[in-house]
Amino acid sequence: MLIATWNVNSIQARLEQVHAWLKEVQPDVLLLQELKCMTEAFPQEAFDDLNYNMAVHGQKTYNGVAILSKTPIEDVVTTFAGQEEDPQARYIEGFTGNLRLASVYVPNGQEVGSDKFEYKLGFLKNLKNHLQDIFYQETPFAIGGDFNVAPFDGDAYDPRFFKSNHILCSLPERKALREILNLGYGDALRMIHPKLENLFTWWDYRAASFQNDHGFRIDHILLSGHAMDRLEDAFVDKNPRSNERPSDHTPVCIKLR
DNA sequence: ATGGTAGCAAAGCTA
């Protein structure tokens with residue numbers, strides 16, 4: 001079973017690229033982030049020929065997440081257990097195949113210390129509480145998405161970022177993500193590639209970042225223990241980042257038995 | 001410290 005996650009930075013702008021990638025790679029599941037469209041405006045019909053079931057949670061202009069799966073998606077939720085619906089569409093979860101899956105778009109946070117940064121930390125805390133709730137159920141579970149956090153040394157092109165308050169790399173946000181990992185979730189890519197070499201998933205559009213490989217690893221797939229037992233492979237598909245008019249992110253993929 | 005680019009949507013916000 002092949003599961004992928006991809007922040008596409010507008011599904012409308014990336015429609016042909018996403019279709020071509022699905023056709024070529026044929027993942028069983030694709031978790032999408034940054035749709036930048038309303039739920040009703042998601043171009044489902046563009047994928048008709050590929051036979052994916054879809055669960056979409058969108059909004060106007062910003063954010064938006066979705067699950068595409070070869071098997072039907074059941075019991076879809078877009079809120080964290082026991083919490084109010086976030087007006088920003090950043091989370092969707094459902095049962096498909098034989099496991100529970102989620103697509104998440106963690107707030108960027110803009111600048112350490114800003115209001116948006118506080119919102120980011122709050123979101124990660126709420127996500128942690130929700131994932132703790134799921135963990136107790138002992139069902140195989142995978143959550144993929146843009147976490148907007150580089151969790152380990154080596155997850156940014158310049159290690160000096162970790163000594164600074166650079167967004168994506170600051171201590172408070174790394175600790176917030178580590179609290180989730182410490183619940184018992186595993187970082188699938190790191191499990192397969194312990195040295196974290198050449199695994200960046202995002203390159204800024206600016207300053208020729210991709211050409212200079214000035215990247216960060218901020219897109220992740222986290223697995224519950226039961227799902228981790230089935231992990232066979234994990235990799236970053238760098239190809240879509242070299243497309244014409246690419247997303248600034250590239251897909252992360254895992255293979256589960 | 002600033003600006004470098006991209007998408008949405010129609011000027012500025014978010015990333």
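These numbers were taken from a predicted model, which means no experiment stands behind them. Letters A, B, ... mirror the listed sequences (proteins, then strands); counts begin at 1.
- Judged by closest nucleotide on DNA chain B, A:Pro246 is the one of A:Pro246 and A:Asn148 placed further toward the 5' end.
- In this structure, A:Phe123 has its ring center under 6.0 Å from that of A:Phe80.
- Considering only side-chain N and O atoms, A:Arg14 lies under 4.0 angstrom from the phosphate OP1 or OP2 of B:dG7.
- For A:Thr71, the side chain to side chain donor-acceptor pair (under 3.5 Å) criterion is met by A:Ser69, A:Thr96, not counting sequence neighbours.
- Applying the salt bridge (Lys or Arg N to Asp or Glu O under 4.0 Å) rule to A:Arg190 yields no partners; only residues at least two apart in sequence or on another chain are considered.
- Between A:Lys116 and A:Glu111 no salt bridge is recorded (no basic side-chain N to carboxylate O distance below 4.0 Å).
- Using a 4.0 Å cut-off between charged nitrogen and carboxylate oxygen, A:Asp233 and A:Lys255 do not count as a salt-bridge pair.
- Residue A:Ile143 is tested with A:Leu31, A:Leu127, A:Leu101 for a side chain to side chain contact (heavy atoms under 4.5 Å, CB included); the sole match is A:Leu127.
- Residues A:Asp75 and A:Arg100 are paired through a salt bridge, judged by an N-O separation under 4.0 Å between the basic side chain and the carboxylate.
- Considering only side-chain N and O atoms, A:Arg245 lies under 4.0 angstrom from the phosphate OP1 or OP2 of B:dG7.
- A tilted orientation is assigned to the rings of A:His220 and A:Phe147, their planes being inclined by 30° to 60°.
- For the pair A:Arg174 and A:Asp155, the salt-bridge criterion is not met [side-chain N within less than 4.0 Å of a carboxylate O].
- Nucleotides B:dA10 and B:dT14, compared at atom P, are 15 Å apart to the nearest Å.
- Where A:Asp248 and A:Gln12 each meet DNA chain B at their nearest nucleotide, the meeting point lying more 5' is that of A:Gln12.
- With pairs defined as Watson-Crick or G-U wobble and both atom distances under 3.5 Å, the stems of at least three pairs that touch DNA chain B come out as B:5-8 with B:12-15.
- Within residues 104-113 of chain A, the residues having any heavy atom under 4.0 Å from DNA chain B are, by residue number, A:Tyr105, A:Asn108.
- Between A:Arg90 and B:dA15, a side-chain N or O to OP1/OP2 separation shorter than 4.0 Å is present.
- For A:His166, the ring-ring contact (aromatic ring centres under 6.0 Å, His included) partners two or more places apart in sequence, or in a different chain, are A:Phe161, A:Phe216.
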Distances for protein N or O near nucleotides 9-12 of chain B N or O, under 3.5 Å:
unit_1 : atom_1 : unit_2  : atom_2 : d
B:dA9  : OP1    : A:Thr61 : OG1    : 3.1

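- Within 4.0 Å of A:Arg241, counting heavy atoms only, lies no atom of the nucleic acid at all.
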